[in-house]
Amino acid sequence: MNDSPRALSCPNCGAPIVVRAVGNTVTVVCGNCGSSLDATDPDLTILKQSIAAGARSRIPLGTRGFLAGIEWEAIGFLERSGGGGSWQETLLFNPWEGYRFLVDDGETWRLGTPLDRLPTEAGAIATLGGDRFTRTEGYQAQVDFVVGEFYWRVAVGETVDVCDYEGPREASLSREANAAEVAWTRLEPQADGVVESAFGIAPVAPQRSAGLDDARAPTFNTIVAGIATFLLLAVLMLAPWGVTVLDTTVVVIPDGPAAAAKFGPVALDRRRSGVAVRGSADLENAWVELDFALVNRATQERYEASATAEHYRGRDSDGEWTEGDRRPDVTFAALPRGSYDLVVEATAHVWPARQSWEQPAAASEPPIPVPVTVTRNATFWGVLWLALIVIWAIPMTQWFFWYQRNNDE
Amino acid sequence: MTADCPSCGAPIAFRSAGLPIVVCDFCRSTVMRRGPDLELIGVSARVPDTITPLQIGARGSFEGRAFELIGRVRWQWRDDDGLVGGAWSEWLALFADGSTGWLAEAMGRYTMMTGIEPLPDDDIVRRVGAGETIRPDMLVELADASYRTIDARTAEAVGSEGELPFAAPAGETLFGVDLADAGGGRASVQKHGDVVTAWHGSAVTLRALQPRGLRRLDGWRQPGWAA
């Protein structure tokens with residue numbers, strides 16, 4: 001059985017299509033041309049020709065993030081409107097937890113959980129798990145834009161009757177009904193910055209105002225900038241080098257066939273990212289040859305490197321000796337932005353010379369698990385330079401004007 | 001009890017004493033038990049690839065009763081326009097006392113149900129038997145409990161595996177009405193052939209089932225509670 005994301009291509013425009021929730025997904029909308037495709041058909045029959053793909057989720061599809069300890073992958077994105085407003089919804093998936101919705105109305109992110117139990121309704125009050133929710137005026141909501149994959153047949157223009165119920169602590173319930181079914185969702189507001197940091201998306205930059213009309217020498221501002229620079233460099237030195245973007249394991253049988261596996265996605269959202277791939281193996285007098293390739297899903301460009309995890313121990317006239325690196329890593333200096341698959345090929349060998357006298361020939365070596373991690377460089381060089389420019393812009397400008405003014409006098 | 005598949009000779013295991021059907025893991029023959037004899041009655045379709053942490057042999061506990069998953073039927077339903085509207089898996093759970101239940105898995109949500117005896121005047125049972133149209137959000141009574149209808153659909157089998165109470169060749173159809181109450185309770189009335197059965201149980205999270213022996217999933221970190 002195979003549960004890896006399924007890589008296909010759009011029958012309309014040829015762009016790569018990834019189906020991540022294999023078996024659940026019924027509709028997938030091409031991110032390139034906007035065609036709506038039937039994911040239950042191996043040929044991805046076109047249900048609706050392109051509806052120009054335009055808007056984008058603030059969370060790029062394929063991005064993963066942890067919310068309340070659960071890892072979610074953004075797999076679908078909807079823009080909807082109704083009741084005098086519009087909002088965006090990102091569909092999140094986790095194989096053990098199912099689906100959630102992240103609803104973004106431009107001010108607050110709310111996390112929506114499809115309800116397993118129905119609220120009890122009495123008049124305008126719905127009660128759920130001891131909380132009381134008050135019904136507000138109903139409206140019709142329609143889908144204005146859609147991209148990604150969904151477990152229902154979603155289409156632009158489709159409408160549902162929505163009724164929101166407001167509850168305690170800004171929580172709410174939403175009842176959505178069409179002719180075939182009624183679906184209830186519980187929405188919980190997320191604290192400022194929680195969603196942004198979970199999915200690694202940029203918050204809105206704060207504004208700065210400059211005071212250029214100060215005739216005194218800008219010594220104070222210069223000291224502040226100096227301290228800020230020092231703190232910035234200190235944080236950079238103390239911060240971890242990388243962010244783990246993939247953590248997986250390959251199992252390889254010593255002197256057996258090569259183990260090959262594909263993992264992903266490895267999402268690189270910067271223009272250029274430094275990436276380190278590390279394979280480690282807890283072995284003795286054995287070696288594991290590792291071939292790594294990072295394959296860009298969109299362009300199929302491959303970036304390859306090899307490493308050997310090895311460790312030997314022995315005894316000679318000088319006494320005990322050991323050598324080898326159990327945790328070798330390879331680095332890719334500057335990979336372009338994109339969603340990548342990591343392809344790992346591994347072969348393992350046991351030092352034959354030792355095996356022959358220490359172990360019976362027929363005994364087979366146990367399989368070796370090789371944990372593989374992919375880390376992406378966390379140092380924001382672009383942001384670092386920008387920060388330095390922002391920090392020094394005011395004192396440098398002030399010094400410039402101060403120097404000019406003093407010269408004039 | 002184990003036996004040899006009458007078609008390919010591969011070993012087939014019967015974990016339950018009471019179930020008549022087993023699908024050979026190797027050649028996919030559907031084998032029926034008649035007393036000591038094994039009879040070939042057809043071939044089952046393979047269950048299509050589906051991202052799921054469940055697998056045959058996985059164990060768990062429902063309302064304090066230990067179970068093991070021993071069989072699966074994958075069902076799908078079609079929209080009015082004939083397109084596949086969705087699919088779900090019904091995993092057959094064998095409880096320690098020898099009884100069975102179905103763990104339904106649809107879009108990452110789970111429901112465990114066991115068979116119940118409906119009351120003679122349960123209108124919903126009569127209506128399902130008569131093939132009447134059933135709308136969502138109707139109030140119905142079943143075995144002395146009140147529910148609302150969630151959906152009513154005809155489903156077709158697309159694949160099956162393991163031990164089962166009935167053969168589910170591809171294309172086999174089943175009409176089912178899903179019911180829910182305010183307490184997370186679930187029920188279902190199903191018509192399979194001419195037989196109408198009633199089921200009840202509850203919506204559960206995978207975590208609450210304390211699962212053991214789950215499949216690992218490529219590219220995903222298994223949560224700490226799953227093993």
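Below, chains carry the letters A, B, ... as their sequence lines are ordered, and counting in each starts from 1. Any value given below was found using the heavy atoms of this structure, including those in side chains, with hydrogens, waters and symmetry copies removed.
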Report task. Would you indicate whether Asp81(B), at its atom CG, is surrounded by more than 12 heavy atoms from other residues, nucleotides or ligands within a distance under 6.0 Å? Result -> yes

Query raised in the report: Is Phe66(A) atom CZ crowded by more than 12 heavy atoms from other residues, nucleotides or ligands, each under 6.0 Å away?
Result: yes

Is chain A contacted by the side chain of [X], its backbone, both, or neither, given a heavy-atom distance below 4.5 Å?
X         : result
Gln76(B)  : neither
Arg221(B) : both
Arg135(B) : neither
Asp80(B)  : neither
Trp88(B)  : neither

Part of [X] within contact of chain B (heavy atom distance under 4.5 Å):
X         : value
Pro265(A) : neither
Leu342(A) : neither
Asn94(A)  : both
Glu73(A)  : both
Asp116(A) : both
Tyr151(A) : both

Does [X] pair with [Y] as a salt bridge, N-O distance under 4.0 Å?
X         : Y         : value
Asp218(B) : Arg215(B) : no
Arg175(A) : Asp161(A) : no
Arg126(B) : Glu132(B) : yes

Query raised in the report: Are the aromatic ring centres of Trp91(B) and Tyr110(B) under 6.0 angstrom apart?
Result: no

Requested in this report: State, with a plain yes or no, whether a side-chain heavy atom of Val275(A) is found less than 4.5 Å away from one of Tyr340(A).
Outcome: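 The answer is no, as the side chains (C-beta and beyond) never meet within the 4.5 Å cut-off.
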
Query raised in the report: Is there side-chain contact between Leu103(B) and Leu209(B), with at least one heavy-atom pair below 4.5 Å?
Result: yes

Heavy-atom pairs under 4.5 Å with chain A - which of [options] has more of them than the others?
options                         : result
Gly184(B), Ala87(B), Gly86(B)   : Gly184(B)
Ala106(B), Pro223(B), Ala180(B) : Pro223(B)
Asp151(B), Leu214(B), Leu83(B)  : Leu83(B)

Query raised in the report: Parallel under 30°, tilted from 30 to 60°, perpendicular over 60°: which one fits the rings of Trp102(B) and Phe166(B)?
Result: tilted

Requested in this report: Verify whether one side chain among Ser174(A) and Thr185(A) offers a donor that lies under 3.5 Å from an acceptor in the other.
Outcome: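 Per modelled atom types, Ser174(A) and Thr185(A) side chains form no pair under 3.5 Å.
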
Query raised in the report: Can you find a side-chain donor-acceptor pair between Arg74(B) and Ser89(B) that sits under 3.5 Å?
Result: yes

If we define contacts as heavy-atom pairs under 4.5 Å, which of [options] has the most with chain B?
options                                : answer
Gly98(A), Gly23(A), Ala21(A), Pro95(A) : Pro95(A)
Asp41(A), Thr40(A), Asp38(A)           : Thr40(A)
Leu118(A), Thr120(A), Ile70(A)         : Leu118(A)
Thr27(A), Thr45(A), Leu115(A)          : Leu115(A)

